[in-house]
2 protein chains.
Amino acid sequence: MTNPNPSPAPTLRDVAEAAGVHTATASRALNPNTRRQISAETARRVMRAAQALGYQPNSVARSLKTSRTGTVGLVIPDLTNPLFPPIVRGVESVLESGGYHVWIVNTDNDAERERAKIESLRSRQVEGLIVATARLEHPLLRQLHEQGVRMVLINRQVEHLGLPAVTGDDATGVAAAVRHLAALGPTGIAYLSGPLSTSTGRVRARAFRHAVRDLGLSDELVVECARWSESDGAAALRALLDRGARFTAVVAGNDLIALGCYDVFAERGLSCPGDVSVIGFNDMPFLDKLRPPLTTVAVPHHELGAEAARMLLDCIDDPGRPARTLLLPVSLVVRGSTAPPGAG
Amino acid sequence: MTNPNPSPAPTLRDVAEAAGVHTATASRALNPNTRRQISAETARRVMRAAQALGYQPNSVARSLKTSRTGTVGLVIPDLTNPLFPPIVRGVESVLESGGYHVWIVNTDNDAERERAKIESLRSRQVEGLIVATARLEHPLLRQLHEQGVRMVLINRQVEHLGLPAVTGDDATGVAAAVRHLAALGPTGIAYLSGPLSTSTGRVRARAFRHAVRDLGLSDELVVECARWSESDGAAALRALLDRGARFTAVVAGNDLIALGCYDVFAERGLSCPGDVSVIGFNDMPFLDKLRPPLTTVAVPHHELGAEAARMLLDCIDDPGRPARTLLLPVSLVVRGSTAPPGAG
DNA sequence: TTGTATGCGTTATCAT
DNA sequence: ATGATAACGCATACAA
């Protein structure tokens, strides 16, 4: 049953010999596009031989010959962040129907690892890249762009680079969050920002300042988190509390940062939403089952991935086409973590 | 800035010409293993030329020549299940330090998609497979095994196939869960099983029956879920309640099924753990923030992935080595979803 | 319709 | 130490 020493995989040559034709003929018979050049009879013979031998074309050889691999790379900062798997699925759903295969790599938010992984993707001749790790300053992406690498950014952008990108409408989402909190009653609103080295962090933070100022509120209560993580969110909120800031509502840069607030509430004996309301960003799975259920801004992650994939296919088909930025609509999802101050 | 028509990537030949040597010499100079055959002087010249041209070796061509791709495939049923990303990370961490790259594919729990993806991986000449989609009856995996494909199963096994596998110690975990519930007081315990077409489903269900029988309790309260999902878990619990079953505790086949129970509790006005205790399996992220925090059995997913990767490396190094099954220890994590009947 | 010949970019086996 | 040559498996321009 076990077969430690399998016979080598059959090649096109084996098929051709079995069918009594030349490899060129076999190649044409096996390829749907060229099959019509071949008599139906020989085509059948070849295909039968291939079937019998269990022939599977060697994509490596084919790619070398055609200089087309039919693969694109997808660069993700952290697959364990629930935000990204739906993006992956969206990307795959479109690219697969376009005949492409997706090579997912994880960078762990590490620039050196990112460099190595992208280098590996390129050496494997991917035909394009979908990148979710962009920072505002990103020499590597800049360089790739200058080298003519087909590339679409997702969720985040690079400054002054004119790269095609698909993101959620962060500014509108943050504004909606702030308005929702303000409508609950007079209040001070704090903002726990994601890293300002990313466009997402920067855009949301700026939108927060604008939104609170428009309402005549203070825009001073802002703390930056070093990473988009629970622990950094917790640290930021602790810092805010420790400096004696007065507020009854928190907007978090994303859901993970909001979850960090939950930890601090427990530590400090604060009730949410009674003492402090919190609002997240992304609407990652299972937020409705938290204590309390987290109010958040829903971003259509699957669609984000799908649209980015479509854009990449367009880039590959027509390299000269101008770069577009697509902003997908977001929506406020009100749950139990926001309420009028002093209520519940 | 934009470069729609980039110059073609430099090849080894370009480097050789620039350095004034033959391609063979350039190849040897650039490869750390063969560099010592070359004079230090020419090696330097070649490497400098490569640097200057921005040369990157073409892995496709190299793979064709060496018949080694340095890649392995990782077959995942559903990346959006929070259980799998940590496994992916574990696999990657080991394989990368072994010089391999991981190609992740998502099957969406669909057999046809699985077949297509694995075929694609094979045509791309992956050197081995780590498979997390196994069913007890799995003709495709059986066939691959007979063809001598190097393969390690993770989390689930195939019946009667003697494939190397790494899983959590499900039976011990379920037994611990049942004992925990029994210790809380006299009670009827129900079991919401995962699909019995998977080894994980089968092993856990059997362990449940044994555990309750050992305690002199009924083993009749078992319902099978068609999939490992929240909605199927909810449906199973509804079915149990609708047939008037009497129980004060539920063991769920995994955490998602347990989350489905939360939905039904809300629908039917049941309090957890007051009316019914629930216990999950896996300890996926964020369970501690649920209402109530979910008691569960923690499985070391990262380690699962890492060990499977080590096993695969062993299989590749020594194809003749006998298949081993590795059972990693699990641990009960008691949180708020379990309590003595009628309490809190 | 089919066969012949060539080359994709690289490495390995010969020579020298 | 380096160069010449061939070959990996396949697809295609060209010839027949």
Side-chain angles (χ1 to χ4, degrees), chain A residues 7-47 49-50 53-71 119-120 122-127, chain B residues 7-47 49-50 53-71 119-120 122-127:
Chain A
S7 51
T11 70
L12 188 59
R13 190 177 165 154
D14 298 322
V15 175
E17 276 175 13
V21 298
H22 197 270
T23 57
T25 308
S27 172
R28 287 186 274 247
L30 259 20
N31 188 325
N33 300 321
T34 49
R35 189 171 299 152
R36 51 181 197 74
Q37 304 172 16
I38 298 290
S39 82
E41 162 54 20
T42 32
R44 244 200 317 280
R45 227 175 46 243
V46 172
M47 294 172 68
L53 291 173
Y55 171 72
Q56 283 216 322
N58 182 327
S59 301
V60 172
R62 173 180 291 168
S63 294
L64 181 59
K65 177 64 187 166
T66 61
S67 63
R68 290 215 45 230
T69 55
T71 62
E119 184 171 303
S120 161
R122 293 203 65 203
S123 86
R124 292 182 152 79
Q125 313 297 113
V126 295
E127 297 180 35
Chain B
S7 50
T11 71
L12 188 59
R13 191 177 162 155
D14 298 322
V15 175
E17 277 176 11
V21 298
H22 195 269
T23 56
T25 308
S27 172
R28 288 186 275 244
L30 260 20
N31 189 324
N33 300 321
T34 50
R35 190 171 298 155
R36 49 180 199 73
Q37 303 172 17
I38 297 291
S39 83
E41 163 53 21
T42 33
R44 244 200 317 278
R45 225 172 52 242
V46 171
M47 294 173 69
L53 292 173
Y55 171 72
Q56 282 217 323
N58 182 327
S59 300
V60 172
R62 173 181 291 165
S63 293
L64 179 59
K65 179 61 187 172
T66 61
S67 63
R68 290 213 45 229
T69 56
T71 62
E119 183 171 303
S120 161
R122 294 203 64 204
S123 86
R124 291 181 153 78
Q125 315 297 111
V126 294
E127 295 180 35

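These numbers were taken from a predicted model, which means no experiment stands behind them. Chain identifiers are assigned alphabetically (A, B, ...) following the order of the sequence lines, protein sequences preceding nucleic acid strands; residue numbering begins at 1 within each chain.
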Taking only residues two or more places apart in sequence, or in another chain, which ones meet [X] in a side-chain contact (heavy atoms from CB on, under 4.5 Å)?
X: A:Ser59; value: B:Ser123, B:Arg124
X: B:Arg122; value: A:Gln56, B:Ile118, B:Leu144, B:Gln147, B:Val149
X: A:Ser67; value: none
X: A:Thr69; value: A:Ser63, A:Thr71, A:Gln125, A:Glu127, B:Val60

### Query
Closest heavy-atom contact between B:Leu53 and B:Ala18?
CD1-CB, 4.1 Å
### Task
Check every strand shown and say whether A:Thr11 touches a base, only sugar-phosphate, or nothing at a heavy-atom separation below 4.0 Å.
sugar-phosphate
### Summary
Sorted by number, residues from residues 15-25 of chain B placing a heavy atom under 4.0 Å from DNA chain C are B:Ala24
### Task
Please list residues of residues 35-47 of chain B whose heavy atoms come under 4.0 Å from any atom in DNA chain C, ordered by number; otherwise none.
none
## Note on the structure
Between its two end axes (five pairs each) the helix from C:dT1-D:dA16 to C:dT16-D:dA1 turns, nearest 10 degrees, through 40°
Provide, to the nearest angstrom, the distance between the [atom1] atom belonging to [X] and the [atom2] atom belonging to [N].
X: B:Arg124; N: D:dG9; atom1: CZ; atom2: P; value: 18 Å
X: A:Leu30; N: D:dA11; atom1: CG; atom2: P; value: 8 Å
X: A:Leu12; N: D:dA11; atom1: CG; atom2: C1'; value: 9 Å
X: A:Lys65; N: D:dT12; atom1: NZ; atom2: C1'; value: 6 Å

### Neighbours of DNA chain D within residues 53-63 of chain B, by heavy-atom distance under 4.0 Å
none
### DNA chain C: 5'-most and 3'-most nucleotides touching chain A, 4.0 angstrom heavy-atom criterion
C:dT1 to C:dG9
## Note on the structure
Distance col, row A:Arg45:CZ vs A:Ile38:CD1, nearest 0.5 angstrom, shows 10.5 Å
Show every donor-acceptor pair shorter than 3.5 Å between a side-chain atom in residues 22-31 of chain B and any protein atom, with sequence neighbours excluded, or say none if there are none.
residue: B:His22; atom: ND1; partner: B:Ala24; partner atom: N; Å: 3.1
residue: B:Asn31; atom: OD1; partner: B:Asn33; partner atom: N; Å: 2.9

### Task
With sequence neighbours excluded, tell me which residues meet salt bridge (charged side-chain N to carboxylate O under 4.0 Å, His left out) with B:Arg13.
B:Glu17
List every contact pair, protein side and nucleotides 14-16 of chain D side both N or O, where the distance is under 3.5 Å.
none

#### Entry: A:Thr11 side chain reached by A:Asn58 side chain, heavy atoms, under 4.5 Å
no
